[in-house]
**Q** 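Take this structure, written in structure tokens, and hold onto it; I'll ask about it next.
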Amino acid sequence: MRQRRIVRPRNTSARTGAQLIEVAGQVFAEQGFDAATGQDICRRAGVNGAAIVYHFGGMAGLHRAVLEEAQRRLVATETLAAAVHAERDPRRQLEAFLGLIVGALTSPVSQSWAGKLLGREWVTPSTVYGPAHDRALAARSRTLKSIISALTGRPANDPLVARGCISVMAPCALLLLVDRRKLRRLMPQLQISPAAAPQLTRHLVDFALAGLHAISSGRARR
């Protein structure tokens with residue numbers, strides 16, 4: 001009698017990797033990387049205890065993959081760059097940049113593990129938070145600096161441009177980091193939802209443009 005050969009689905013490995021990223025994202029968002037264990041992640045994912053090493057080379061590699069996935073779910077760096085480069089007017093570029101950021105931060109994704117993990121890494125970076133993620137952030141920073149530089153007429157390495165970037169991104173950081181329920185209690189009139197995203201984007205763009213005009217023309221208090 002011939003022995004039946006077991007044929008495993010070709011995408012089994014990909015499914016296991018995706019499952020590990022999903023579960024690890026939840027664990028890292030809840031506990032932080034430094035408190036998480038590979039054993040717990042594999043148990044929750046229902047996979048072999050050696051799966052993390054097999055698929056990602058270890059916990060550090062899994063963490064990198066999870067951060068990349070979190071960033072992709074909110075707004076991929078390539079998507080931001082493409083949206084900005086599609087516009088020639090710096091004002092429209094700023095609107096495109098902030099529109100994608102605000103759209104992501106007002107979507108349910110921002111309240112998922114992806115948004116929570118990125119917020120955690122901003123405030124208390126894990127011990128393995130490293131160059132790979134910094135490179136992605138640096139690419140976004142260059143895109144924003146090019147917009148602020150064009151709007152202010154200052155070179156990209158001017159301290160005024162750096163301060164302008166901080167001013168533009170500060171409201172976005174608040175939307176990412178502040179507990180949404182607390183924000184609703186403090187400001188019940190503030191609508192933070194996908195439907196309100198266009199109006200919120202316009203407000204932030206107008207506010208940013210007014211501030212950048214003031215500082216670049218020298219009217220701001222020094």
Side-chain angles (χ1 to χ4, degrees), residues 25 28-29 32-33 60 63-107 109-110 112-178 197 200-217 220:
F28 294 157
F33 172 83
H63 185 261
R64 285 194 299 271
V66 168
L67 276 180
E68 290 171 2
E69 177 63 15
Q71 198 172 70
R72 186 194 66 78
R73 290 190 185 189
L74 264 74
V75 186
T77 300
E78 296 79 9
T79 303
L80 271 177
V84 169
H85 292 156
E87 303 288 349
R88 293 187 177 181
D89 181 0
R91 296 187 178 204
R92 296 294 298 274
Q93 290 179 336
L94 181 62
E95 186 174 354
F97 186 94
L98 283 177
L100 285 173
I101 298 291
V102 171
L105 295 178
T106 55
S107 73
V109 177
S110 69
S112 70
W113 67 258
K116 293 175 182 177
L117 176 60
L118 290 176
R120 175 186 282 274
E121 291 290 348
W122 267 105
V123 177
T124 53
S126 60
T127 54
V128 292
Y129 180 96
H133 191 55
D134 280 343
R135 282 195 294 271
L137 294 178
R140 295 173 183 231
S141 176
R142 286 192 298 270
T143 298
L144 182 57
K145 281 193 290 188
S146 70
I147 298 172
I148 304 303
S149 175
L151 288 169
T152 59
R154 303 291 185 92
N157 62 352
D158 192 305
L160 183 144
V161 171
R163 294 194 295 269
C165 290
I166 292 295
S167 299
V168 169
M169 292 307 299
C172 299
L174 182 142
L175 290 176
L176 176 64
L177 299 175
V178 173
L200 183 56
T201 299
R202 285 194 297 272
H203 171 84
L204 293 181
V205 169
D206 291 343
F207 191 82
L209 289 173
L212 292 171
H213 176 70
I215 62 174
S216 61
S217 64

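We use all heavy atoms of the structure for the numbers below, so side chains are in, but hydrogens, waters and symmetry mates are not.
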**Q** Just do the side chain to side chain contact (heavy atoms under 4.5 Å, CB included) check on L67 and F28 with the steps written out, would you?
**A** CA-CA 10 Å; L67 276 180; F28 294 157; over 6 Å; no
**Q** Between atom CZ of F97 and atom SG of C172, what is the distance when rounded to the nearest 0.5 Å?
**A** 7.5 Å
**Q** With rounding to the nearest 0.5 Å, note down the distance linking CG in L176 to CZ in R120.
**A** 12.5 Å
**Q** If you measure from OG1 on T79 to CG on L74, what distance do you get to the nearest 0.5 Å?
**A** 11.5 Å
**Q** Against V168, only a single residue in I101, I148, I147 fulfils side chain to side chain contact (heavy atoms under 4.5 Å, CB included); can you say which?
**A** I148
**Q** Do R73 and E69 sit within salt-bridge range, that is, some charged N less than 4.0 Å from a carboxylate O?
**A** yes
**Q** What do you reckon, is CZ of R92 surrounded by more than 12 foreign heavy atoms closer than 6.0 Å?
**A** no
**Q** To the nearest 0.5 angstrom, please state how far the OG atom of S149 sits from the CG atom of D158.
**A** 8.5 Å
**Q** Report yes or no: does Q93 contribute a side-chain atom to a donor-acceptor pair with the main-chain N or O of H85 at less than 3.5 Å?
**A** no
**Q** To the nearest 0.5 Å, what is the distance between CD on E95 and CG on L204?
**A** 11.0 Å
**Q** If the test is side chain to side chain contact (heavy atoms under 4.5 Å, CB included), which one of Q71, R72, E68 qualifies with T77?
**A** Q71
**Q** Would you check if the side chain of S216 reaches a backbone N or O of L212 as a donor-acceptor pair within less than 3.5 Å?
**A** yes
